[in-house]
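Here's the structure, in structure tokens; my notes come after.
Fair warning: this is a prediction, and the values are worked out from it, not measured in the lab.
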2 protein chains.
Amino acid sequence: MERVRQACRSCSVSQLCLPAGLEASELDRLESALEKKMTLHRGESLYTVGDPLESLFAVRSGCMKTSVLGSDGVEQIIGFALPGELLGLDALSVERHQCTAVALDTTAICVLPFARIEDLAAELPSLNRQLLRIMGSEISREQDLLSLLANKRASERLASFLDNLSKRFSDRGYSGRDFRLYMSRQEMANYLGMTIETVSRTLSAWQREGLIHIESKALSILDPEGLRAIAGNCVAG
Amino acid sequence: MERVRQACRSCSVSQLCLPAGLEASELDRLESALEKKMTLHRGESLYTVGDPLESLFAVRSGCMKTSVLGSDGVEQIIGFALPGELLGLDALSVERHQCTAVALDTTAICVLPFARIEDLAAELPSLNRQLLRIMGSEISREQDLLSLLANKRASERLASFLDNLSKRFSDRGYSGRDFRLYMSRQEMANYLGMTIETVSRTLSAWQREGLIHIESKALSILDPEGLRAIAGNCVAG
DNA sequence: ACAATCCATTGATCTGTGTCAACCAGAACC
DNA sequence: GGTTCTGGTTGACACAGATCAATGGATTGT
């Protein structure tokens, strides 16, 4: 771990992250509250269920998954976090993390000590507003996902998911047509409430139909419109 | 609509609501920011998708449902709000409501003008903290619901739902064994991602087995343990 | 280079729950 | 007092997707 100066200003996703909308002087203060950055490797966890809330985290590069554990011990993946996204917000309720965050790839993380963020937010209204904004969008992201799981069929869910990933990659300056799926088929299936076999079969069918090309984790979307049509024009997921 | 003085202090659910943890002087200021209260009748809506964010709302008595509209126009119910619960948090992301809130019964609502709450939160750290806490618990509530929808079978979902309602009623000082289901079978089914027929069949089966007694909307839980066993000891829903 | 894993694909079969349809009961209305 | 409506229950049947099983390909470790 190392102290990072100018962390936010040099970060390509700051406009998607906590600093969005802050002025230069405010950014200075946020950067000085930012403790350190850390790097996780595939499979390493950032926090697990029950850990006390010490910090919020921002993904700087790479990809994380978050999951909750059902009473039966079965993992349910809640989301995949790309650069610019905040992690740990669910811990604000009871001061303990309610889910587990694991790296799916080598991932750089900014650590935001909660006490400092909280103090700073009390002084900087625009920071507090941005924090609320991010929490609000996490709430509505989950609402969209609920709608997806409750009343769409498997292929619609998978198509929405790929479309959503595509959009997020292009928002971050990467190609929305060709990208790497950081997660395994198992993880996609779990996230979308289906089995690995159904994921595999559906992808194979789309490949046969010329909608996509997929080889291991490398995905090319050949017909974005076709995919969106299957998704029912809904980009949740 | 009328101005309400001492709104929070006289409210039986204030400890579940925004004022939780506030000192007397802070409570004064919150109450003076609280604009008015209003009453909705069954079927009336508090806000709908796209309405600009003007206020957050707290349920004082009665029951509300919130739902999002899929791209295909299909309603997906996201939650049922009981007294003490806050509504409108999803609007903080884009300053517009992302879902619709409709009364399921005659319902009293406290209106919290967002601009005033925001200003006040900047001055009262404990209020801001409580707002974040409530948003955090909404996030984890939805996470639990995701887990329920993605990998539980219909009967487990329904049992979890009833168990969760039971718990919330008893938290509010009502009986957790005998209570009125404010929502229709159709609304339960929609919320839990199943059909009305499956809800009906499952309830009938449990009635036959002596787990519950249900007549129209009046539910008695005869065997809470049995119900919880079906739910797999998970209280999400 | 080989075995040992792990992950993905594909096929065959089974099942939970959706779909379609008939029926019933209570509420609302003439 | 009957008619219509709305919401709920029950049954028969169909099907999307789960489950079980076999195989293949890639990655890891020795």
Side-chain angles (χ1 to χ4, degrees), chain A residues 41-43 65 72 74-77 102 104-106 148-162 180-209 211-219 230-232, chain B residues 41-43 65 70 72 74-77 102 104-105 148-162 180-209 211-219 230-232:
Chain A
H41 297 101
R42 177 168 178 80
K65 74 169 176 184
D72 42 11
V74 174
E75 172 185 48
Q76 173 60 43
I77 298 175
V102 175
L104 292 183
D105 193 12
T106 301
L148 197 70
L149 286 178
N151 53 39
K152 304 279 181 168
R153 34 201 56 216
S155 59
E156 296 177 284
R157 278 178 258 166
L158 187 54
S160 293
F161 173 64
L162 295 183
R180 198 176 115 75
L181 297 168
Y182 288 108
M183 67 294 298
S184 68
R185 301 286 190 275
Q186 178 57 61
E187 286 163 331
M188 281 190 241
N190 179 299
Y191 178 64
L192 296 170
M194 50 208 261
T195 58
I196 179 173
E197 291 95 331
T198 304
V199 169
S200 187
R201 274 187 251 272
T202 308
L203 292 175
S204 300
W206 288 344
Q207 173 134 252
R208 250 176 278 126
E209 293 161 18
L211 276 171
I212 61 171
H213 178 81
I214 187 166
E215 193 173 337
S216 175
K217 307 216 156 168
L219 176 73
I230 294 174
Chain B
H41 297 100
R42 176 168 179 80
K65 74 167 176 184
D72 44 10
V74 174
E75 172 185 48
Q76 172 60 44
I77 298 175
V102 175
L104 292 183
D105 193 12
L148 197 69
L149 287 177
N151 54 39
K152 303 281 179 164
R153 34 200 58 211
S155 58
E156 296 177 284
R157 278 179 257 166
L158 188 54
S160 292
F161 173 64
L162 296 183
R180 198 178 113 75
L181 297 169
Y182 288 108
M183 66 295 295
S184 68
R185 302 286 190 274
Q186 178 57 61
E187 287 163 331
M188 280 190 241
N190 179 297
Y191 178 64
L192 296 170
M194 50 207 261
T195 58
I196 179 173
E197 291 94 331
T198 305
V199 170
S200 186
R201 273 187 253 272
T202 308
L203 292 176
S204 300
W206 289 344
Q207 174 135 253
R208 247 177 280 126
E209 294 161 16
L211 276 171
I212 61 172
H213 178 81
I214 187 165
E215 194 173 336
S216 174
K217 308 215 156 171
L219 176 73
I230 294 173

Which residues pass the side chain to side chain donor-acceptor pair (under 3.5 Å) test with [X], not counting sequence neighbours?
{"X": "B:Q207", "value": "B:H213"}
{"X": "B:N151", "value": "A:Q76"}
{"X": "B:T202", "value": "none"}

Could you tell me how far apart [X] ([atom1]) and [N] ([atom2]) are, to the nearest whole angstrom?
{"X": "A:K152", "N": "C:dT17", "atom1": "NZ", "atom2": "P", "value": "21 Å"}
{"X": "B:M188", "N": "D:dG7", "atom1": "CE", "atom2": "P", "value": "13 Å"}
{"X": "B:I212", "N": "D:dT9", "atom1": "CD1", "atom2": "C1'", "value": "14 Å"}
{"X": "B:N151", "N": "D:dG17", "atom1": "CG", "atom2": "P", "value": "16 Å"}
{"X": "B:E215", "N": "D:dG7", "atom1": "CD", "atom2": "P", "value": "19 Å"}
{"X": "B:R42", "N": "D:dT6", "atom1": "CZ", "atom2": "P", "value": "14 Å"}
{"X": "A:N190", "N": "D:dA18", "atom1": "CG", "atom2": "C1'", "value": "15 Å"}
{"X": "B:L192", "N": "C:dT17", "atom1": "CG", "atom2": "P", "value": "12 Å"}

Which donor-acceptor pairs under 3.5 Å do the side chains of residues 181-188 of chain A make with protein atoms, sequence neighbours left out?
| residue | atom | partner | partner atom | Å |
| --- | --- | --- | --- | --- |
| A:S184 | OG | A:Q186 | N | 3.4 |
| A:S184 | OG | A:E187 | N | 3.1 |
| A:S184 | OG | A:E187 | OE1 | 3.4 |
| A:R185 | NH1 | A:S216 | O | 3.3 |
| A:R185 | NH2 | A:S216 | O | 2.9 |
| A:E187 | OE1 | A:S184 | N | 2.9 |
| A:E187 | OE2 | A:K65 | NZ | 3.0 |

Salt bridge (Lys or Arg N to Asp or Glu O under 4.0 Å) contacts in which one or both residues fall within residues 188-205 of chain B, not counting sequence neighbours = none

Report each atom pair, protein N/O against N/O of nucleotides 8-11 of chain C, whose distance is under 3.5 angstrom.
| residue | atom | partner | partner atom | Å |
| --- | --- | --- | --- | --- |
| C:dA8 | OP1 | A:R185 | N | 3.1 |
| C:dA8 | OP2 | A:R185 | N | 3.4 |
| C:dT9 | OP1 | A:R185 | NH2 | 3.3 |
| C:dT9 | OP2 | A:R185 | NE | 2.9 |
| C:dT9 | OP2 | A:S200 | OG | 2.8 |
| C:dT9 | O5' | A:S200 | OG | 3.0 |
| C:dT10 | OP2 | A:S204 | OG | 2.5 |
| C:dG11 | N7 | A:R201 | NH1 | 2.8 |
| C:dG11 | O6 | A:R201 | NH2 | 3.4 |

Side chain proximity check, A:L211 to A:I230, heavy atoms < 4.5 angstrom =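 Yes; the side chains approach each other to less than 4.5 Å.
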
Test item: A:L203 and A:L158 side chains (from C-beta on) under 4.5 Å apart, heavy atoms = yes

N/O to N/O distances under 3.5 Å, protein versus nucleotides 23-26 of chain D:
none

Is the phosphate of D:dG17, meaning OP1 or OP2, less than 4.0 Å from a side-chain N or O of A:T195?
-> no

Test salt bridge (charged side-chain N to carboxylate O under 4.0 Å, His left out) applied to A:D105 - qualifying residues, sequence neighbours left out |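 With sequence neighbours excluded, A:D105 shows a salt bridge (charged side-chain N to carboxylate O under 4.0 Å, His left out) to no residue whatsoever.
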
Would a distance-only check, ignoring hydrogens and angles, find a side-chain to backbone donor-acceptor pair under 3.5 Å from A:R42 to A:T106?
-> no

Do any N or O atoms from the side chain of B:N190 and from the backbone of B:E75 form a donor-acceptor pair under 3.5 angstrom?
-> yes

In degrees, rounded to 10°, what is the bend between the two ends of the helix from C:dA1-D:dT30 to C:dC30-D:dG1, using five pairs at each?
-> 40°

Residues that A:A218 engages under side chain to side chain contact (heavy atoms under 4.5 Å, CB included), provided they are two or more places apart |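 Partners of A:A218 by the side chain to side chain contact (heavy atoms under 4.5 Å, CB included) criterion come out as none, since no residue qualifies.
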
